[in-house]
Amino acid sequence: MSALRILIKLYLNSIFRFPVIRHSKDARERRQAITGVAAIGLIVVTYGGMSALTTFRLLVAGADPATPILLVAALASLFALAMAFAQGSATLSGFADFDTLMGMPVRTSTIVLARFSALYLVEAIYSAAYLLPCGAVYAVLMKPGWLFYPTYLLMTLLLPVAPIVIGSGADLLLSAAFARSKYRKGITSAIKMIFLMGFVAFSYLLPQITNRFVSAPDDAAMRTARIYPPVLWFAEGVTGELSDALLFILGSVAVCILFVWVLNRTFLPLHDRLTAGYHVKNYRLGALKRSGAGRALFLIERKRFFNSTAWVVNTVIGSILIAVLGIAGAAFSGRLMKLIAETPFRGHAAVAITGSLLFCATLSPTTSCAISMEGKELWIAKTLPVSARKWLNAKILMNLLLVGPPLVFSITLFAIFYRELLSPLSIAGICALPVSALLFCTVAGLFVNVRMPRLSWKSDTEVVKQSGAVLVMMLICFALILLTGLSMLLIRSDWVPIAASGVLIGLTAGVYRYLMDRAEQIRRNL
Amino acid sequence: MLTIQNLVKSYGNGPRAVDGLSLTVEAGDIYGFIGHNGAGKTTTLKCISGILPFDEGEIFVDGIDIRKDPMAAKRIMRYIPDNPDLYTFLTGTGYLNFLCDIYGIDETTRRERIAKYAQLFEIESKLGDLVGSYSHGMCQKLALIGALIQQPKLLMLDEPFVGLDPKAAHTLKGIMHELCENGAAIFFSTHVLEVAEKLCNKIAIIKNGRLVASGPMDEVRGDHSLEDLFLELTDA
């Protein structure tokens with residue numbers, strides 16, 4: 001038991017970086033670790049607020065008491081499933097302590113259980129962030145009996161178990177299936193992207209789903225239960241159906257035991273397969289293509305990016321959404337324009353188009369973790385005879401080439417297909433604001449990463465999803481969208497996007513100049 | 001080829017990792033750099049190669065001040081760390097080709113040099129595999145090939161023999177001699193005193209960041225064995 005406790009503590013420390021916060025003498029490193037934990041706290045509070053508001057809205061609207069709990073439980077389950085699918089394999093098989101632990105008198109089952117527990121505890125935090133505020137609002141408004149409280153708490157803790165098992169199991173199978181392919185990263189990234197697109201599409205449908213829960217709660221509940229019955233057992237169980245509560249608790253425990261047992265039995269062969277890598281038989285050195293130093297640096301950046309499934313999944317979504325937005329906007333332009341023309345929102349078409357493109361263009365710049373992703377390989381960039389400016393520019397170029405082409409493509413489509421609705425000035429705004437926001441976020445992302453680099457990491461997920469720079473950049477992008485969106489809505493002038501673009505271009509130039517002027521110093525001090 | 005004058009380096013507010021170190025490596029030297037763990041060997045090598053900034057002192061590579069013109073200095077020197085973390089997402093050939101692009105080596109020359117050194121280190125059949133699948137020794141060999149294809153004037157190696165198989169270690173010693181005969185200089189750290197004794201014409205011993213002995217091997221060692229001298233100086 002003590003080995004299990006020690007390992008769980010070790011893994012949680014690795015994920016949340018508590019030892020760095022407590023013991024690091026490097027003030028910058030400590031600050032970064034604290035920012036990371038604070039950002040997680042902020043996300044937890046945001047989720048909690050959303051969950052409490054949804055519950056309040058549904059209960060006040062007179063929905064069935066189980067309905068809001070069912071909806072929030074479904075959301076928490078879906079979130080846990082997405083997270084486990086995105087990083088389950090990395091947590092269960094990615095920690096670099098395998099050789100050390102296998103050489104120690106520690107049971108394989110202990111290692112497996114510790115890794116599963118670490119994954120579970122992280123997901124349980126987010127799950128509790130969704131469910132506890134929902135339960136609190138429910139308790140205040142519905143005043144349930146005392147049995148509700150322990151049952152709700154226990155079932156809240158068990159809710160993420162099944163989604164974790166499904167998500168991480170699928171991720172492990174996917175990783176194992178393509179482990180020996182040269183293109184395994186590309187294939188797994190593509191599959192995860194498709195899954196993520198479904199997840200994002202679902203998020204967009206969320207207001208409609210919530211409305212359906214208000215207007216036809218029984219129908220919506222049955223639809224959800226048909227897709228994933230445990231949430232119905234959860235909702236019915238906490239609101240008084242003992243049989244459903246027992247079914248949920250026993251089912252979750254059984255699924256957990258079964259998964260850990262199977263993982264324990266297959267852990268060693270699975271680890272072998274996942275670490276076997278790609279090998280070429282009878283390799284012969286062929287012709288070698290020559291590139292300039294700048295292009296070579298960009299190609300390295302591009303390969304590093306597409307080699308990291310977590311990085312791709314986290315950032316490509318914006319580019320895909322921009323392209324989808326442009327194509328869908330063009331394909332349905334006739335119907336949409338007719339719809340807009342008939343409503344009082346005719347004047348808001350430019351705001352809607354600009355806002356949508358702005359949101360997608362700034363969703364997650366690759367630059368906010370481009371330096372951190374160098375990790376222990378940074379010594380190569382530091383010792384090569386290439387200027388630090390070229391090195392930084394390669395990182396900037398990566399994000400611009402990832403988001404820029406789909407953005408220009410979509411802007412062109414909107415400008416052509418919606419020209420009847422838009423004035424020349426508003427078209428100029430649609431062109432200028434998303435492009436200038438892209439430039440700003442790209443350069444600002446690099447600046448934030450320079451200030452908050454995380455070069456010591458075991459799994460790229462730590463950098464892409466949990467590093468302080470990425471989380472801070474998310475907040476900056478969110479603030480940018482909020483400020484420009486509010487300005488456009490409050491000051492109804494076609495000049496607002498143009499003026500905002502001017503401000504952004506000015507800021508971009510300032511930050512870019514800062515980076516370029518101090519490029520050598522920045523690289524040396526990393 | 002390499003001149004270090006009064007080098008001082010501290011990490012944060014901690015004690016000096018390197019404290020007033022001065023030494024000169026001349027063309028044709030195989031200069032061994034020995035010291036106990038944490039003595040400051042790796043820090044010194046990292047300061048020279050541009051990985052770490054330093055607080056005081058000056059470093060010149062072939063007369064070029066590395067603070068004033070780091071690019072020119074880096075063009076003629078190469079550093080290999082003791083545990084080289086290479087780009088795991090590239091194949092061996094991809095990594096070497098990338099280095100050739102950076103150093104502007106033409107297609108014919110890069111192919112010839114890669115083939116030559118890959119054959120010497122017996123790694124040619126593995127160059128198509130991803131670096132992520134390489135063992136520590138193979139990474140070490142690939143890093144060495146990456147440094148050698150550039151034909152640097154100054155080669156700095158941190159514990160180069162750790163992880164290499166005996167044949168590769170023998171090959172590396174031969175290459176080191178060949179490089180120095182052609183006018184290059186090699187500055188390397190090692191814990192293996194026998195290797196330093198047989199291979200180096202000059203030696204420097206560092207203790208707690210300070211140089212305690214340096215110069216031609218025979219002069220520094222005197223009548224002692226290098227092991228006796230090292231123990232005497234570092235225990236003092």
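Here is the naming used below: chain letters follow the sequence lines, and residue numbers restart at 1 for every chain. All of these numbers come straight from a predicted model, not from anything done at the bench.
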Examine the side chains of A/Asp460 and A/Ser308 and answer whether a donor and an acceptor come within less than 3.5 Å of each other.
-> yes
Select, from B/Thr91, B/Leu96, B/Leu52, B/Ile105, the one with the greatest count of heavy-atom pairs under 4.5 Å involving chain A.
-> B/Ile105
Options A/Lys376, A/Arg304, A/Arg524, ranked by heavy-atom pairs under 4.5 Å with chain B, top entry | A/Arg304
Does the ring centre of B/Phe33 sit less than 6.0 Å away from the ring centre of B/Phe188?
-> no
Lys/Arg-Asp/Glu bridge criterion (N-O < 4.0 Å) met for B/Arg67, B/Glu58 = no
For atom NE2 of B/His136, is the number of surrounding heavy atoms from other residues, nucleotides or ligands below 6.0 Å larger than 12?
-> yes
Under-4.0 Å salt bridge between B/Lys116 and B/Glu124 = no
Measuring heavy-atom distances to chain A, does B/Asp106 have an atom under 4.5 Å in its side chain, in its backbone, in both, or in neither?
-> both
Ranking B/Phe98, B/Tyr79, B/Tyr95 by heavy-atom pairs under 4.5 Å to chain A gives rank one to B/Phe98
Closest-packed option against chain B by number of heavy-atom pairs under 4.5 Å, given A/Gly375, A/Ser387, A/Ser291 | A/Ser291
salt_bridge(A/Lys395, A/Glu374) N-O dist < 4.0 Å | yes
Residue among B/Thr88, B/Ile102, B/Ile114 with most heavy-atom pairs under 4.5 Å to chain A | B/Ile102
For the ring pair A/Phe447 and A/Tyr514, is the centre-to-centre distance below 6.0 Å?
-> yes
Under 4.0 Å between a Lys/Arg side-chain N and an Asp/Glu carboxylate O for B/Lys41 and B/Asp82?
-> no
Chain B: which of A/Arg290, A/Lys390, A/Lys382 shares the most heavy-atom pairs with it under 4.5 Å?
-> A/Arg290
Any salt bridge between B/Arg110 and B/Glu107, counting N to O under 4.0 Å?
-> no
Chain A contact via B/Leu90 - side chain, backbone, both or neither, heavy atoms under 4.5 Å = side chain
Give the member of B/Gly128, B/Ala143, B/Pro70 that has the highest number of heavy-atom pairs under 4.5 Å with chain A.
-> B/Gly128
Atom group of A/Arg523 that falls short of 4.5 Å from chain B, counting heavy atoms | side chain
Whatever's closer than 4.5 Å to a heavy atom in chain A on B/Tyr11 counts as neither
Output the option from B/Pro53, B/Ser125, B/Gly50, B/Gly104 having the highest count of non-hydrogen pairs under 4.5 Å with chain A.
-> B/Pro53
For chain A, find which of B/Leu86, B/Ile76, B/Thr108, B/Leu130 contributes the most heavy-atom pairs closer than 4.5 angstrom.
-> B/Leu86
Quick one: what part of A/Leu378 sits under 4.5 Å from any heavy atom of chain B, side chain, backbone, both or neither?
-> neither
